[in-house]
Amino acid sequence: VDARGAALVDAALADVNSSAGERLVVNLGCGTCEVPRGLAERWRGPHKLRVLSVDVSEECVTRSRAAQQSTDLVALDFAVMDALALPDVADASVDVIFDKGLVDALHPRDDDASRRSVRKLFATLKRVLKPGGFVVWGNKDVAKAGHPHVFVNTDWDACAAMMADAGLEVTRTSARLSGKSAYLPL
């Protein structure tokens with residue numbers, strides 16, 4: 001993911017009806033993605049932005065932290081943290097949550113264990129989101145097309161039902177970007 005992926009989060013932030021003050025974006029399963037850097041380069045305020053990128057892999061967090069830096073308006077924080085619990089994230093504190101593949105990683109099979117993991121994730125996201133906050137999920141179009149080397153959850157109807165069961169409002173949108181780096185938001 002590069003600055004183009006950050007455009008999805010930008011669009012969600014523009015829609016957030018939040019009180020004055022710092023905005024918080026949580027980037028789930030960050031791996032070594034460049035969404036934080038893209039946000040830091042694009043964000044113009046007027047409020048300060050904090051991007052908290054989390055992953056269970058200490059190596060990914062270390063590599064991401066080393067490759068990206070904060071700006072005057074954007075604080076980039078990186079933490080080894082389980083997205084299923086987000087223990088260091090306060091209730092109703094997050095404006096936008098960005099995920100580019102964690103749901104796919106958690107739901108590789110249609111079995112009870114996968115469904116429990118995904119339900120736990122959605123309940124956690126509902127807990128940390130501010131009222132009116134957004135979750136932006138995306139899949140690369142190559143994955144959505146069924147690329148043989150990329151797993152993608154193809155049962156978005158089942159995921160949408162689990163999101164709704166967790167109290168999240170589900171809105172499907174069309175692709176906002178095009179080409180190999182396009183993300184198709186749910």
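One is the number of the first residue; the rest follow in order along the sequence.
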Report task. Assess whether side-chain contact (heavy atoms from CB on, under 4.5 Å) is satisfied between Leu73 and Leu49, documenting all intermediate values. Result -> CA-CA 6 Å; Leu73 282 175; Leu49 178 68; over 6 Å; no
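Taken to the nearest 0.5 Å, the OG1 atom of Thr71 stands 8.0 Å off from the NZ atom of Lys48. The distance from atom CG of Asp99 to atom CG of Leu121, rounded to the nearest 0.5 Å, is 7.0 Å. Distance check: Ser114 OG to Arg119 CZ gives 11.0 Å after rounding to the nearest 0.5 Å.
One N or O on the side chain of Lys126 and one on the backbone of Gly167 form a donor-acceptor pair closer than 3.5 Å. Within the 3.5 Å criterion, the main-chain N or O of Val96 finds no donor-acceptor partner in the side chain of Lys130. At least one donor-acceptor pair under 3.5 Å links the side chain of Asp95 to the backbone N or O of Leu24.
Pairs engaging residues 51-64 under the side chain to side chain donor-acceptor pair (under 3.5 Å) rule: Asn27-Ser53 [sequence neighbours left out].
Between Pro131 and Ala92, the shortest heavy-atom contact is CD-CB, 4.4 Å. Minimum interatomic distance between Val170 and Met163 (heavy atoms only, all atoms of both residues): CG2-CB, 3.6 Å.
Judged as a salt bridge (charged side-chain N to carboxylate O under 4.0 Å, His left out), and not counting sequence neighbours, the contacts of Asp91 are Arg127.
In the hydrophobic clustering of ILVMFWY residues, with side-chain heavy atoms under 4.5 Å counting as a link, Val56 and Ile97 come out apart.
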Can you give each donor-acceptor pair under 3.5 Å made by side-chain atoms of residues 77-90, sequence neighbours left out, with the distance rounded to 0.1 Å?
residue: Asp77; atom: OD2; partner: Arg50; partner atom: NE; Å: 2.5
residue: Asp77; atom: OD2; partner: Arg50; partner atom: NH2; Å: 3.4
residue: Asp82; atom: OD1; partner: Leu84; partner atom: N; Å: 2.9

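Checking each of Leu52, Val128, Val135 against Val94 for a side chain to side chain contact (heavy atoms under 4.5 Å, CB included) leaves exactly one that passes, namely Val128.
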